[in-house]
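Structure record follows, encoded as structure tokens.
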Amino acid sequence: MNCGENEIKEIFTALQSVFQVHIEDPYRIFIDLANRKTAPLKFIPKLEEGFLRKVDEISGMM
């Protein structure tokens, strides 16, 4: 374990595997995200909302 200090390439390799996509230039994408003037991770709150909604849905079925 490296306490969250993964290389960009390692992170993108994992994401490509999980989502079954090919990312041509991970470093360019990282730089573009980092340079956004508004919320570099604007999709994270939406991801969290969807996840929590699904957890509530599943726990309501139990």
Side-chain angles (χ1 to χ4, degrees):
M1 184 185 316
N2 62 5
C3 301
E5 296 183 14
N6 291 313
E7 293 293 324
I8 293 169
K9 185 175 180 179
E10 293 173 7
I11 294 168
F12 274 85
T13 299
L15 290 172
Q16 289 179 102
S17 177
V18 168
F19 294 110
Q20 297 295 303
V21 296
H22 176 71
I23 299 170
E24 198 64 40
D25 188 357
Y27 293 100
R28 169 53 50 197
I29 291 173
F30 177 79
I31 290 168
D32 290 346
L33 288 171
N35 287 331
R36 282 186 183 170
K37 294 192 188 294
T38 61
L41 300 175
K42 64 183 176 185
F43 65 91
I44 296 291
K46 290 181 182 182
L47 181 63
E48 180 183 21
E49 287 173 23
F51 175 77
L52 293 175
R53 190 171 29 253
K54 188 66 172 178
V55 168
D56 287 344
E57 179 184 308
I58 290 171
S59 59
M61 295 175 156
M62 296 177 149

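The basis for the numbers below is simple: all heavy atoms, side chains too, and nothing from hydrogens, waters or symmetry mates. Note that the coordinates shown come from a computational prediction; the quantities given were computed from them, not determined experimentally.
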Test of understanding: clusters of I, L, V, M, F, W, Y form through side-chain heavy atoms closer than 4.5 Å, transitively. Do [X] and [Y] belong to the same one?
| X | Y | result |
| --- | --- | --- |
| Ile44 | Phe51 | no |
| Val18 | Ile23 | yes |
| Ile8 | Phe43 | no |
| Phe19 | Phe12 | yes |

Got a sec, which residues hit side-chain hydrogen bond (donor to acceptor under 3.5 Å, both in side chains) with Glu48, two or more places apart in sequence or on another chain? none

Got a sec: does the OH of Tyr27 have more than 12 other heavy atoms crowding it under 6.0 Å? yes

Checking the side chain of Thr13 only, and the main-chain atoms of Lys9 only, is there a donor and an acceptor separated by less than 3.5 Å? yes

Going from NZ on Lys42 to CG on Leu33, what distance comes out if it is rounded to the nearest 0.5 angstrom? 9.5 Å

Sequence neighbours left out, what pairs pass side-chain hydrogen bond (donor to acceptor under 3.5 Å, both in side chains) with at least one residue falling in residues 29-39? Arg28-Asp32

Does the distance from a Lys or Arg side-chain N to an Asp or Glu carboxylate O, for Lys54 and Glu57, drop under 4.0 Å? yes

List the steps, then state whether side chain to side chain contact (heavy atoms under 4.5 Å, CB included) holds for Ile11 with Phe30. CA-CA 11 Å; Ile11 294 168; Phe30 177 79; over 6 Å; no

